[in-house]
Amino acid sequence: MREVMVQYLQHRLLRWFDENQRVFPWREARATKYQQIVSEILLQRTKAETVARYYDTFFSKYPDWEALCGATLEELEEVMRPLGLYRHRARRLYKLTEDLRRRGGQLPGDANELRDSGFVGLYVTNAFELFILRNRKPLLDVNMSRLLKRYFEPGDFIDVRFDKEVQELANDIIEVRRCKELNWAILDYAALVCRKRNPLCGECVLNKYCKYYAQSRERSDQSGRGEHEAG
DNA sequence: AAGCCGGGGCT
DNA sequence: AGCCCAGGCTT
């Protein structure tokens with residue numbers, strides 16, 4: 001049954017993605033490796049739509065690695081202030097430029113090298129592998145975590161970083177040819193349909209097998225009226 | 001495992 | 001006025 005659910009989710013979300021995907025500049029073919037990596041740092045704990053609005057402000061000021069390497073820490077803080085988390089992000093980007101200078105302008109060759117340079121965590125490392133090295137890796141964030149948790153095993157939410165179950169699910173689910181697209185599909189679907197608040201379970205293309213949907217149906221049946229809480 | 005960072009958009 | 005957001009680091 002687990003395998004049926006996995007294949008159903010992969011198939012349904014890829015099909016949904018082809019019709020309903022969100023359009024972002026960092027996803028387009030003309031986005032450089034530099035833009036792809038830096039964008040992941042801009043996206044941390046920040047709405048994708050917010051980053052999309054801010055995108056040109058940042059990349060017109062720092063169009064490539066060379067421009068970024070010329071920036072001071074104070075400059076970076078100032079530029080990223082409207083985005084929030086600006087001190088952390090500025091420090092991270094600054095460490096990134098230091099790391100680049102050390103290796104003579106070359107990007108890390110593998111994920112271990114990236115982690116060792118000490119300015120990113122698991123999420124950005126996976127993004128680096130997925131987009132730059134073209135390995136099959138999950139963009140496992142709160143959104144993917146919520147979607148997988150609801151679909152496969154609704155229950156208490158644990159921090160993604162300590163939830164081995166969700167990590168294994170995420171690694172299983174992205175084993176498809178269109179791995180990058182499926183990752184984006186999950187993020188988009190979690191943002192638009194499988195939302196944290198008020199998920200649109202009624203029109204969800206996964207609700208045939210979704211455990212969370214089944215549970216909420218039972219609850220609303222027992223309550224007598226058609227009301228159902230989201231949560 | 002919990003606290004903290006953070007401005008801005010959405011409800 | 002409160003909640004939330006493509007995480008990661010410190011305690």
Side-chain angles (χ1 to χ4, degrees), chain A residues 13 17 20-28 31 33-59 73-74 76-96 98-99 111 114-132 136-150 156-167 170-171 173-174 179-200 229-231:
Chain A
L13 287 192
F17 183 73
N20 303 287
Q21 63 182 282
R22 294 183 293 178
V23 176
F24 294 123
W26 55 90
R27 287 185 180 180
E28 297 187 11
K33 291 180 181 179
Y34 163 74
Q35 289 173 318
Q36 292 183 59
I37 294 173
V38 172
S39 291
E40 294 303 329
I41 293 174
L42 300 182
L43 282 162
Q44 291 173 349
R45 296 298 290 175
T46 307
K47 274 206 169 72
E49 287 77 4
T50 302
V51 176
R53 280 190 296 271
Y54 170 79
Y55 194 82
D56 285 341
T57 304
F58 187 93
F59 287 109
L73 185 59
E74 292 73 19
L76 290 175
E77 286 190 2
E78 187 59 28
V79 171
M80 290 191 286
R81 198 162 51 85
L83 207 55
L85 294 175
Y86 55 94
R87 284 193 293 251
H88 287 280
R89 275 198 261 248
R91 196 160 58 242
R92 238 162 258 165
L93 279 184
Y94 194 74
K95 288 176 81 171
L96 176 55
E98 284 181 331
D99 187 66
L114 180 64
R115 287 305 298 274
D116 290 345
S117 56
F119 53 82
V120 296
L122 182 61
Y123 178 87
V124 173
T125 302
N126 281 351
F128 176 79
E129 283 205 67
L130 179 66
F131 298 125
I132 310 300
R136 286 178 180 169
K137 288 287 176 178
L139 296 175
L140 180 55
D141 68 336
V142 288
N143 294 298
M144 184 180 294
S145 174
R146 178 180 64 251
L147 186 150
L148 294 178
K149 202 83 180 173
R150 280 177 176 162
D156 295 335
F157 280 87
I158 312 172
D159 194 313
V160 190
R161 296 166 290 190
F162 312 116
D163 196 332
K164 284 292 179 188
E165 296 273 343
V166 165
Q167 292 171 14
N171 280 300
I173 213 78
I174 51 83
C179 182
K180 186 176 67 174
E181 286 79 5
L182 181 58
N183 268 293
W184 283 337
I186 293 173
L187 296 188
D188 287 356
Y189 201 75
L192 299 178
V193 181
C194 194
R195 307 182 296 206
K196 182 182 178 92
R197 287 182 298 182
N198 306 122
L200 306 177
E229 73 267 26

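This is a predicted model, so every value here is computed, not measured. Both backbone and side-chain heavy atoms feed into the values below; hydrogens, waters and symmetry mates do not.
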Sub-3.5 Å donor-acceptor pair from the side chain of A:N171 to the main-chain atoms of A:Q167, do we have one? yes

How is A:V51 classified with respect to the nucleic acid when contacts are heavy atoms under 4.0 Å: base, sugar-phosphate, or nothing? nothing

Determine yes or no for a side-chain-to-main-chain donor-acceptor pair under 3.5 angstrom, with A:D188 supplying the side chain and A:R22 the backbone. yes

If you look at every strand shown and take non-hydrogen atoms under 4.0 Å, does A:V160 touch a base, only sugar-phosphate, or nothing? nothing

Would you kindly give the CG-to-C1' distance between A:D141 and C:dC5, to the nearest whole Å? 10 Å

Select base, sugar-phosphate, or nothing to describe what A:R115 touches, counting heavy atoms under 4.0 Å on all strands. nothing

Could you identify which residues of residues 182-189 of chain A place a heavy atom less than 4.0 Å from some atom of DNA chain C, listed by residue number, or say none? A:L187

Which residues pass the side chain to side chain contact (heavy atoms under 4.5 Å, CB included) test with A:R146, not counting sequence neighbours? A:N143, A:R150, A:F157, A:A190, A:K196

Could you check if a side-chain atom of A:Y123 sits within less than 4.5 angstrom of a side-chain atom of A:E40, using non-hydrogen atoms only? yes

Atom CD of A:E165 with >12 non-hydrogen neighbours under 6.0 angstrom: no

How many whole angstroms separate atom OH of A:Y94 from atom P of C:dG8? 22 Å

Identified ring-ring contact (aromatic ring centres under 6.0 Å, His included) counterpart of A:Y34 within the set A:F59, A:W26, A:F58: A:F59

d(NZ, A:K95; C1', C:dG7) in whole Å: 14 Å

Touch class at under 4.0 angstrom, heavy-atom based, for A:I41 against every strand present: nothing

Nearest whole Å is fine: how far is C:dA6 C1' from A:K180 NZ? 15 Å

What heavy-atom pair brings A:C179 and A:L130 nearest, and what distance separates the two atoms? SG-CD1, 3.8 Å

Using the P atoms only, state how far B:dG6 lies from C:dA1, rounded to an integer number of Å. 24 Å

Gap between atoms CZ and C1', on A:R146 and C:dC5 respectively (whole Å): 10 Å

Between C:dG7 atom P and A:R91 atom CZ, what is the distance in whole Å? 18 Å

Could you tell me how far B:dC10 sits from C:dA6 if I compare only their P atoms? Round to whole Å. 13 Å

What is the distance from CG of A:L93 to C1' of C:dG7, rounded to the nearest Å? 14 Å

Given the side-chain rings of A:Y55 and A:F24, with only the six-membered ring counted for Trp, is the space between their centroids under 6.0 Å? no

If the sugar-phosphate is the primed atoms plus P, OP1 and OP2 and the base is the rest, what is the B/S/- string for nucleotides 1-11 of chain B, using protein heavy atoms under 4.0 Å? B-B-BBSSS--

Donor-acceptor side-chain pairing of A:Q44 and A:R92 below 3.5 angstrom: yes

Would you mind telling me which residue lines up with the more 5' stretch of DNA chain C, A:V120 or A:L139, judged by nearest nucleotide? A:L139

Distance check needed: C:dA6 P versus A:N126 CG, whole Å only. 17 Å

Can you check salt bridge (Lys or Arg N to Asp or Glu O under 4.0 Å) on A:E78 and A:R81, steps first, answer last? CA-CA 5 Å; A:E78 187 59 28; A:R81 198 162 51 85; 3.4 Å; yes

